[in-house]
Protein chains: 2
Amino acid sequence: MPEYDHPATESLTLLGVLRGLADPIRLEIVFHLGSVPEATCASLLGSRPRSSMSHHFQVLRESGLLRTRIQGVQHFNSLRRADLDFRFPGLMDAVLAARPHEASAGTL
Amino acid sequence: MPEYDHPATESLTLLGVLRGLADPIRLEIVFHLGSVPEATCASLLGSRPRSSMSHHFQVLRESGLLRTRIQGVQHFNSLRRADLDFRFPGLMDAVLAARPHEASAGTL
DNA sequence: GATATAGTTCGATGAAAGTCGAATTAAACC
DNA sequence: GGTTTAATTCGACTTTCATCGAACTATATC
């Protein structure tokens, strides 16, 4: 398993990004990644089953919201901030600024 | 049928708004409403069945994206720009700025 | 090589959401 | 009151999407 392929910046679509964001768990992941440079899957797991999370990471990757860097057994995920800002200026700023305090799935 | 009730500005949620936007037809409607003060349902119909569109208007209304004003037999829809800007500053600016030229369902 | 660790893929299930014809409401107009 | 117009509601169908256990892959370590 060498690396994932991530969609090119130019090929990101607004609809795709909005779809990626339109789920409570994924939004939570995005909020978290908005506050740290990168995070492993495990660190975002909470009490949810791995397979569910893996699915959400895939959706986020395919919609262009995050990039996954593989190092050893660990997958380091980071927001594609620069790419998103370039393609959809102001969007992630607005989304991240709207983060509720103590965002914990229920408060979204 | 006097009037619809629209959710209060304070009760709008980011997730709700994102969900409202995460559909090609609804995004098209929102784009259109971003460029005109208001529009009747009929004027946004295109070639789609009325019942489908009615459903999308309902979703947009319930997520707080638009307001429907009834006048006679016609329903005038407008973006809740001020409310959205107040609650989620910059969000709609970013979304509307990302509108593809000639947005026509396929190009979203 | 065996084992542990991190994460994915598969496949089945269930729930949510979009589609659309037919019936319905409500106002406007003759 | 009957008809036209604008749009909704209902209900059935279909599709899409999330959930999650079990099996699997790949790396690291002993």
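Please read all numbers here as calculations on a predicted model, not as lab measurements. Residue numbers begin at 1 in each chain, while the letters A, B, ... track the order of the sequences.
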How close do A:T68 and A:L66 get, counting heavy atoms only, and between which atoms? OG1-CD1, 3.4 Å
Listed by chain and number, what are the side-chain contact (heavy atoms from CB on, under 4.5 Å) partners of A:A82, not counting sequence neighbours? none
Interatomic distance where CD belongs to B:Q74 and P belongs to D:dA7 [whole Å]: 6 Å
Between A:V73 and A:Q58, which has a closest nucleotide on DNA chain C that is more 5'? A:V73
Would you mind reading off the distance between B:Y4 atom OH and C:dT25 atom P, rounded to a whole angstrom? 14 Å
Any ion pair linking B:R80 and B:D85 (charged N to carboxylate O, less than 4.0 Å)? no
If you compare all heavy atoms of A:G16 against all heavy atoms of A:S63, which two are closest, and at what distance to 0.1 Å? O-CB, 3.4 Å
Minimum heavy-atom distance between A:L65 and A:V17, given as atom pair plus value: CD1-O, 3.8 Å
Quick one: A:F57 CZ to C:dA6 C1', roughly how many Å, whole number? 12 Å
Is the distance from the ring center of A:H75 to that of A:F57 below 6.0 Å? no
Please check this pair: side chain of B:R87 against backbone of B:E10, looking for a donor-acceptor N/O pair closer than 3.5 Å. yes
Phosphate OP1/OP2 of D:dT5 contacted by B:R50 side-chain N/O (<4.0 Å): no
Whole-Å distance separating the CZ atom of A:R19 from the P atom of D:dT16: 10 Å
Taking the side chain as every heavy atom from C-beta outward, state whether A:Y4 and A:I70 have any pair of such atoms under 4.5 Å apart. yes
Using Watson-Crick and G-U wobble pairs with both distances under 3.5 Å, what is the 5'-to-3' dot-bracket string of DNA chain C, with [ ] for crossing pairs and | for pairs outside the strand? ||||||||||||||||||||||||||||||
Quick one: do B:E38 and B:R69 make a salt bridge, cutoff under 4.0 Å? yes
Scan residues 57-68 of chain B for pairs that pass salt bridge (charged side-chain N to carboxylate O under 4.0 Å, His left out), counting only residues two or more places apart or in two chains. B:R67-B:D83
Can you check each nucleotide of nucleotides 19-24 of chain C against protein heavy atoms at under 4.0 Å and return B for base, S for sugar-phosphate only, - for none, in 5' to 3' order? BBBB--
Between B:N77 and A:V59, which residue's closest nucleotide on DNA chain D lies nearer the 5′ terminus? B:N77
Can you measure A:I70 atom CD1 to D:dT25 atom P for me and round it to whole angstrom units? 16 Å
Got a sec, which residues hit side-chain hydrogen bond (donor to acceptor under 3.5 Å, both in side chains) with B:H55, two or more places apart in sequence or on another chain? none
Protein-nucleotide distance (A:E3, atom CD; C:dT8, atom C1'), rounded to Å: 16 Å
Give, ordered by number, those residues of residues 39-46 of chain A having at least one heavy-atom distance below 4.0 Å to an atom of DNA chain D; if nothing qualifies, reply none. none
Rounded to whole Å, the CD-C1' distance (A:Q71 to D:dA28) equals 13 Å
Just the rounded figure in Å: distance from C1' of C:dG7 to CD of A:E38. 16 Å
